[in-house]
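The figures that follow rest on heavy atoms only: side chains count, while hydrogens, waters and symmetry mates do not.
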Amino acid sequence: MNQQTTLPEDDQEGAEPSPQSAEFRKMWLLLGLGWVGTNIGYSVVGLPLRIMLKENMHVSAAMLSQFMFIGHSTNYIKPVAGILTDCFPLFGYHRRSYVLLNLCLCAFGYLLFSFLPHQYTLLLVTYTLMYMTVVFISTTLGGVMVQTGTRFRTSGRLSAQRIGSFRFADVVGGLSGGFLAQFPLYFATSITAFFHLMLFPLYYFHLKEERDYTVNREGLQNAKRQFIALFRNRSLMSAAVMIFLIAISPGFGTPLFYYQRDVLHISTKYLGVLGVIGSTCGVAGAWCYTRVCRRLTLRGILCWSIVQHSIGTLLYLYYKDTASATWITGIEGITGILATLPVYDLGARATPKGSEALGYSVMMSVWNLSSGLSDWIGSKLFDILHQNFTPLIWLNSGTTLIALLAIPLLPKTLLAQKDAS
């Protein structure tokens, strides 16, 4: 399989690459700007879109969750995008062309979406098609991230950078989204498009890759065998089971949004503030993980993260007003990120060499599918229980602990790993 990024001179000569090298710092910065730029756009538009669906179109919690579950369905087939980027060059490149093309298509899709009539089915179909570009951007960057982490033995730090970038983007986009939710949707989607177009010249000039216009015939012939090999890989499948058990607990993301608006009557502006608080604390949690992953094995981190996440969920029993919402959001920002990062780290470490984008996309597909189902199940229960929020808290906390049973199924060599110092 073709190498997707050019190697520094010392790597080409067989020397062990160093996390302190200029090549690593360059890739670290390039990935970080990609994660931050795209996710600021998604963060800016997230709240205005939900406000439009809930309060302009008056959809129920279950229908809103269904919209997001179906709209993000291409997230659940990320391995298809992974095969394409790993095996099939586009305009002569495995990574570069996929990133550049989908940055442009994503910008256009968001602009188009905001001018469509407010018809549930039409919006859902358009959003689903548009979100395919988001999946290709994420999958391609994920492949570059896993390649870089493997070369420099820095998968934990790059996973922390990825999630930390998401939280930083939420900080920037949170207040903006809360403010923009008061205006027509095209204000927010225009900003999302702008951030994607800004990244185009960055990746055009700095994501270096050897050009090869020939079709990878070996990749075409081996695509099926590569898939079979992935699903026979014990590390990968054990990690997938672990990720599923952690993410499938009945969630209350959408129910919490309805509880905030209909019961606590929190304004859109303060919802943006809460997003900033949670994301800022999430950045702090990601920074802590970059230190922890070098000192503790993955086994200890996973056990600790599951238990603290289950206990932290119970704090929502005290979510009764704006003041309690503020401090609980801050604590959850830290504990939530410390529970999520080991999952991403596990997925990166379990991915076989040579199938970086495909293997990592399998892990993320399991995570996204489980998370989407979790929120949809929680939203259905929320409607059935007449918007009673408390049972969902106990159910989520209890079922999260089930994931502890899957830790012994993971390969010992995988659990014993630490990040390079």
### Phe166 side chain reached by Ile337 side chain, heavy atoms, under 4.5 Å
no
### Heavy-atom check, side chain of Thr390 versus side chain of Asn388, under 4.5 Å
yes
### Task
Check whether any side-chain N or O of Thr313 sits under 3.5 Å from a backbone N or O of Ser397 as a donor-acceptor pair, and report yes or no.
no
### Query
Any luck finding a side-chain donor-acceptor pair between Gln66 and Tyr120 under 3.5 Å?
yes
### Task
Decide yes or no for Leu180 and Leu185: does some side-chain heavy atom of the first lie under 4.5 Å from some side-chain heavy atom of the second?
no
### Message
Any side-chain to backbone donor/acceptor pair from Ser165 onto Val36? Under 3.5 Å, distance only.
### Response
no
### Full working for side-chain contact (heavy atoms from CB on, under 4.5 Å) between Leu395 and Leu381
CA-CA 11 Å; Leu395 187 60; Leu381 291 173; 3.9 Å; yes
### Task
Say whether, by atom type as modelled, one donor and one acceptor occur between the side chain of Ser379 and the main chain of Ala62 under 3.5 angstrom.
no
### Task
Find out whether the Lys NZ or Arg CZ of Arg96 is both under 6.0 angstrom from the six-membered ring centre of Tyr204 and within 45° of the ring's axis.
yes
### Qualifying salt bridge (Lys or Arg N to Asp or Glu O under 4.0 Å) pairs with a residue from residues 242-268, counting only residues at least two apart or across chains
Lys54-Asp262, Glu55-Arg261
### Task
Starting from the C-alpha separation in whole Å, work towards a yes-or-no answer on side-chain contact (heavy atoms from CB on, under 4.5 Å) for Met68 and Asp375.
CA-CA 9 Å; Met68 295 303 174; Asp375 189 70; 5.8 Å; no
### Task
Determine the interplanar angle of the Phe67 and Tyr127 rings, folded into 0 to 90°, and report it as parallel if under 30°, tilted if 30 to 60°, perpendicular if over 60°.
tilted
### Side chains of Met145 and Thr148 in contact at under 4.5 Å (non-hydrogen atoms)
no
### Taking every non-hydrogen atom, the tightest pair across Ala325 and Ile266
CB-CD1, 4.4 Å
### Message
Looking at Thr399 and Asn396, would you say the former's side chain and the latter's main chain have a donor-acceptor pair under 3.5 Å?
### Response
yes
### Message
Determine whether a donor-acceptor pair (N or O, by modelled atom type, separation under 3.5 Å) exists between the side chain of Thr139 and the backbone of Val135.
### Response
yes
#### Entry: Gap separating the CD atom of Gln161 from the CG atom of Leu341, nearest 0.5 angstrom
11.5 Å
### Query
Given the side-chain rings of Tyr42 and His196, with only the six-membered ring counted for Trp, is the space between their centroids under 6.0 Å?
yes
### Query
What is the minimum heavy-atom distance between Phe113 and Leu49, and which atoms define it?
CE2-CD1, 3.6 Å
### Query
Rounded to the nearest 0.5 Å, how far does CG of Leu317 lie from NZ of Lys320?
7.5 Å
### Message
Using side-chain heavy atoms (C-beta onward) and a distance below 4.5 Å, is Tyr289 in contact with Pro342?
### Response
yes
### Task
Starting from the C-alpha separation in whole Å, work towards a yes-or-no answer on side-chain contact (heavy atoms from CB on, under 4.5 Å) for Leu197 and Leu103.
CA-CA 7 Å; Leu197 294 176; Leu103 283 172; over 6 Å; no
### Query
Can you tell me how far CD of Gln260 sits from CG of Leu271, rounded to the nearest 0.5 angstrom?
5.0 Å
### Summary
Closest heavy-atom pair, Gly41 versus Thr192, reported as atoms and distance to 0.1 Å, is O-OG1, 2.7 Å
### Query
Is Trp376 close to Thr254 at the side-chain level, that is, under 4.5 Å between some pair of heavy atoms?
no
#### Entry: Spatial distance of atom OG1 (Thr400) from atom CD (Gln308) [nearest 0.5 Å]
10.5 Å
### Message
If you take the centroid of each ring, where Trp contributes its six-membered ring, are Tyr319 and Tyr316 closer together than 6.0 Å?
### Response
yes
### Query
Are side-chain N/O atoms of Thr85 and Thr140 paired as donor and acceptor at under 3.5 Å?
no
### Query
Just wondering, are more than 12 heavy atoms of other shown residues or ligands nearer than 6.0 Å to CZ in Phe179?
no
### Message
Just by distance, no angles: are the side chains of Asp321 and Ser324 close enough, under 3.5 Å, to form a donor-acceptor pair?
### Response
yes
### Shortest non-hydrogen separation from Leu47 to Ala181 and the atoms involved
CG-CB, 4.4 Å
### Message
Please check: side-chain N/O of Ser43 versus main-chain N/O of Ile40, any donor-acceptor pairing under 3.5 Å?
### Response
no
### Message
Would you compute the distance between atom CZ of Phe382 and atom CG of Leu392 and round it to the nearest 0.5 angstrom?
### Response
7.5 Å
### Task
Identify the two heavy atoms, one from Val134 and one from Cys106, that lie closest to each other, and give their separation to 0.1 Å.
CG2-SG, 3.8 Å
### Message
Tell me if the CE atom of Met132 is crowded by more than 12 foreign heavy atoms within 6.0 Å.
### Response
no
#### Entry: Nearest heavy atoms of Arg162 and Ser138, plus distance in Å
NH2-OG, 3.5 Å
### Message
Are there over 12 heavy-atom neighbours, none belonging to Trp367, within less than 6.0 Å of that residue's CH2?
### Response
yes
### Task
Show your reasoning for whether side-chain contact (heavy atoms from CB on, under 4.5 Å) applies to Thr335 and Glu332.
CA-CA 5 Å; Thr335 60; Glu332 174 61 19; 3.4 Å; yes
### Query
Do Tyr110 side-chain atoms and Ile191 backbone N/O form a donor-acceptor pair below 3.5 Å?
no
### Task
May I ask you to check whether Thr326 and Tyr270 show a side-chain donor-acceptor distance below 3.5 Å?
yes
### Message
How long is the straight-line distance from CG of Leu90 back to CG of Leu84, given to the nearest 0.5 Å?
### Response
9.0 Å
## Note on the structure
Result for ring pair (Phe, Tyr, Trp, His ring centres under 6.0 Å) between Phe389 and one of Tyr318, Trp394, Phe252 points to Phe252
#### Entry: Note, Leu30 side chain near Tyr203 side chain (heavy atom, < 4.5 Å)
yes
